[in-house]
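Residue numbers begin at 1 in each chain, while the letters A, B, ... track the order of the sequences.
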Amino acid sequence: MSAPPAPRPGLYYPKMPATWWLRRPAYLRFMLREVSSVFIAIFLAVLMVQVYRAGQGPEAYAAFLERLASPGWIAFHAVALGFALYHSVTWLKLTAVVQVVRLGEHQVPPRLVAAGAFAFWGILSLAILFAVLLRS
Amino acid sequence: MAEETITLEVTRYRPREDREPRAQAFTVPYRKDWVVLDALNHIKDRVDGTLTYRWSCRMGVCGSCGMMVNGVPKLTCAAFLRDYLPGPIRVEPLAYFPVIRDLVVDIEDFMGKLRRVMPWIIRRTEQPLTAGEYRQTPAQLEAYKQFSMCINCMLCYAACPVYGLSPLFIGPAAIALGYRYNLDSRDEGYHLRQPILAEAVGVWQCTFVGECSAVCPKGVDPAAAIQRSKVAGAKDWFLSILLPRGGRS
Ligand code: SF4
Ligand code: FES
């Protein structure tokens with residue numbers, strides 16, 4: 001790949017401020033989507049520890065659950081849930097743009113694809129919720 | 001009755017004289033049917049003939065009048081003053097591009113990128129003229145038509161922070177155009193074009209901010225073209241591992 005073109009004299013080359021993502025709401029929404037992955041990663045790490053603790057027997061697991069019940073961890077999980085929902089919504093919307101769905105000769109409009117994905121997500125979530133409630 | 005007016009804050013930059021651009025305010029008559037470009041033309045005709053900007057068709061076809069209007073890339077021939085009441089309206093050169101003078105930016109970089117994606121039909125063997133034109137079905141036309149509507153206005157580049165941060169990025173419109181020819185049933189240049197779209201400064205630079213598609217005045221949706229090229233690139237990569245001799249010709 002070629003090197004960046006040498007600056008030409010007389011031209012003004014604008015600089016990108018470090019706060020560029022505060023300039024437009026769409027940029028900020030994009031940054032939030034990126035940041036959401038940090039929270040989701042931490043959540044998954046905690047989940048893995050939880051599974052590991054469960055394998056160590058009931059006492060270890062109970063102690064772990066007690067730690068999780070602290071206000072700090074509850075607050076973290078509330079925030080992580082918010083980010084996870086935001087990430088899922090944007091992800092499904094964007095997937096609908098990327099994935100071309102055809103019916104016969106015509107392309108299904110991305111909005112409809114997204115609507116289908118959201119419906120599927122909703123039904124799946126309800127089913128899981130139902131299963132969990134039935135068991136407890 | 002006093003004439004209604006509106007104020008424009010226009011970026012001025014004189015090469016070799018100014019170190020940095022500065023804003024100059026002009027108060028112009030307000031007309032309901034005026035667009036920002038009309039106001040600029042009024043300034044140039046009546047107030048300051050040195051104001052420099054590009055335009056040509058005045059009807060959203062030529063793609064040369066793109067500027068930042070209140071911080072958003074717009075075709076100024078399609079941006080009505082009435083949508084920015086009561087003003088003032090900030091008019092700046094397209095973001096991220098080097099400024100030549102006032103509102104005129106240097107488009108060399110974009111032109112070079114356009115050429116790199118080979119936006120023309122490539123044939124392995126040309127049909128003789130006597131064989132007639134290359135024909136397409138309506139469905140084959142439909143497959144790429146949206147991506148062929150680009151007027152090269154570069155608004156999508158001015159909306160793309162990735163282009164601002166790494167200027168080597170081939171960028172939305174050029175990728176959309178390369179993708180458009182990859183989708184064309186008459187074209188046989190995929191093996192030449194796709195490696196350029198899939199290289200390090202190509203589609204993988206894109207983090208899907210999506211603003212290119214939001215500002216595009218022609219509904220091209222370059223963000224979709226980029227993501228779909230990523231899918232094609234990933235497919236090629238898997239195939240090249242599974243079938244080292246190349247699954248796709
Ligand atoms: S893709 Fe849209 S915004 Fe970008 S240059 Fe083409 S017409 Fe302009
Ligand atoms: S002047 Fe041609 S697109 Fe605006």
Chemist: Side chain from CB out, backbone as N, CA, C, O: work out which of these in B:T137 comes under 4.5 Å of a heavy atom of chain A, or both, or neither.
Modeler: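 No part of B:T137 comes within 4.5 Å of chain A.
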Chemist: Please say whether more than 12 non-hydrogen atoms of neighbouring residues, nucleotides or ligands are located less than 6.0 Å from CZ in B:R186.
Modeler: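 Yes.
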Chemist: Please look at B:V215 and chain A and tell me whether the side chain, the backbone, both or neither of the residue comes under 4.5 angstrom of a heavy atom of that chain.
Modeler: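 Answer is side chain: those atoms of B:V215 sit under 4.5 Å from chain A.
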Chemist: Evaluate whether atom CH2 of A:W91 has more than 12 neighbouring non-hydrogen atoms of other residues, nucleotides or ligands under 6.0 angstrom away.
Modeler: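 Counting neighbours around CH2 of A:W91, 12 or fewer heavy atoms of other residues, nucleotides or ligands fall under 6.0 Å, so no.
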Chemist: Hey, is CZ on B:F238 packed in by over 12 heavy atoms from elsewhere, all under 6.0 Å?
Modeler: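 Not more than 12 within 6.0 Å, no.
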Chemist: Can you name the closest pair of heavy atoms from A:R24 and B:A159 and give their distance?
Modeler: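 Closest pair (atom of A:R24, atom of B:A159, distance): NH1-CA, 4.0 Å.
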Chemist: Taking atom CZ of A:R111 as the centre, does the number of heavy atoms from other residues, nucleotides or ligands within less than 6.0 Å exceed 12?
Modeler: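 Not more than 12 within 6.0 Å, no.
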Chemist: Select one option (side chain, backbone, both, neither) describing which atoms of A:R8 are under 4.5 Å from chain B's heavy atoms.
Modeler: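 Interface part for A:R8: side chain.
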Chemist: Looking at every heavy atom in both B:Y13 and A:L11, which two are closest together, and how far apart are they?
Modeler: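 Closest approach of B:Y13 to A:L11: OH-C, 3.7 Å.
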Chemist: Using non-hydrogen atoms and a 4.5 Å limit, figure out which bit of B:V231 sits close to chain A: side chain, backbone, both or neither.
Modeler: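 B:V231 touches chain A through side-chain heavy atoms alone.
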Chemist: Quick check for you: among B:P15, B:G164, B:A95, B:P21, which has the greatest number of heavy-atom pairs under 4.5 Å with chain A?
Modeler: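 Most pairs with chain A among the choices: B:P21.
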Chemist: Can you confirm whether more than 12 heavy atoms, excluding those of A:K93, are under 6.0 Å from its NZ atom?
Modeler: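 It does not: A:K93 NZ has 12 such atoms or fewer within range.
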Chemist: Could you check whether atom CD of B:E142 has more than 12 heavy atoms from other residues, nucleotides or ligands sitting under 6.0 Å from it?
Modeler: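 12 or below, so no.
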Chemist: Name the region of A:R33, side chain, backbone, both or neither, that has any atom closer than 4.5 Å to a heavy atom of chain B.
Modeler: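 Side chain only.
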Chemist: What part of B:D221 gets closer than 4.5 Å to chain A, counting heavy atoms only: side chain, backbone, both or neither?
Modeler: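 Answer is side chain: those atoms of B:D221 sit under 4.5 Å from chain A.
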Chemist: Does any backbone or side-chain atom of B:R101 lie under 4.5 Å from a heavy atom of chain A? Answer side chain, backbone, both or neither.
Modeler: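 Neither; nothing under 4.5 Å.
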Chemist: Would you say OH of B:Y134 has more than 12 non-hydrogen atoms from neighbouring residues, nucleotides or ligands within 6.0 angstrom?
Modeler: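 It does: B:Y134 OH has more than 12 such atoms within range.
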Chemist: For B:E108, is it the side chain, the backbone, both, or neither that has a heavy atom closer than 4.5 Å to a heavy atom of chain A?
Modeler: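 Contact with chain A: side chain only.
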Chemist: Sort out for me which of B:Q227, B:E17, B:R228, B:R16 touches chain A most, counting heavy-atom pairs under 4.5 Å.
Modeler: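 So the answer, after comparing B:Q227, B:E17, B:R228, B:R16, is B:R228.
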Chemist: Counting only heavy atoms not in A:R67, do more than 12 fall under 6.0 Å of its CZ?
Modeler: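 Counting other residues, nucleotides and ligands, CZ of A:R67 stays at 12 neighbours or fewer.
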Chemist: Of the backbone (N, CA, C, O) and the side chain (C-beta and beyond), which part of A:F30 lies under 4.5 Å from a heavy atom of chain B, both, or neither?
Modeler: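 Just its side chain gets close to chain B.
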Chemist: Can you find a pair of side-chain heavy atoms, one from A:V98 and one from B:K230, that are under 4.5 Å apart?
Modeler: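 They are not in side-chain contact.
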Chemist: At their closest point, which heavy atom of A:P14 faces which heavy atom of B:P98, and how far apart are they?
Modeler: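 Scanning both residues, the minimum pair turns out to be CD-CA, 4.1 Å.
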Chemist: Can you see which heavy atom on A:W20 is nearest to which on B:P161, and at what distance?
Modeler: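 The answer is CZ3-CB, 3.3 Å.
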Chemist: Who pairs with B:Y144 by ring pair (Phe, Tyr, Trp, His ring centres under 6.0 Å), at least two apart in sequence or on another chain?
Modeler: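 Not a single residue meets the ring pair (Phe, Tyr, Trp, His ring centres under 6.0 Å) criterion with B:Y144.
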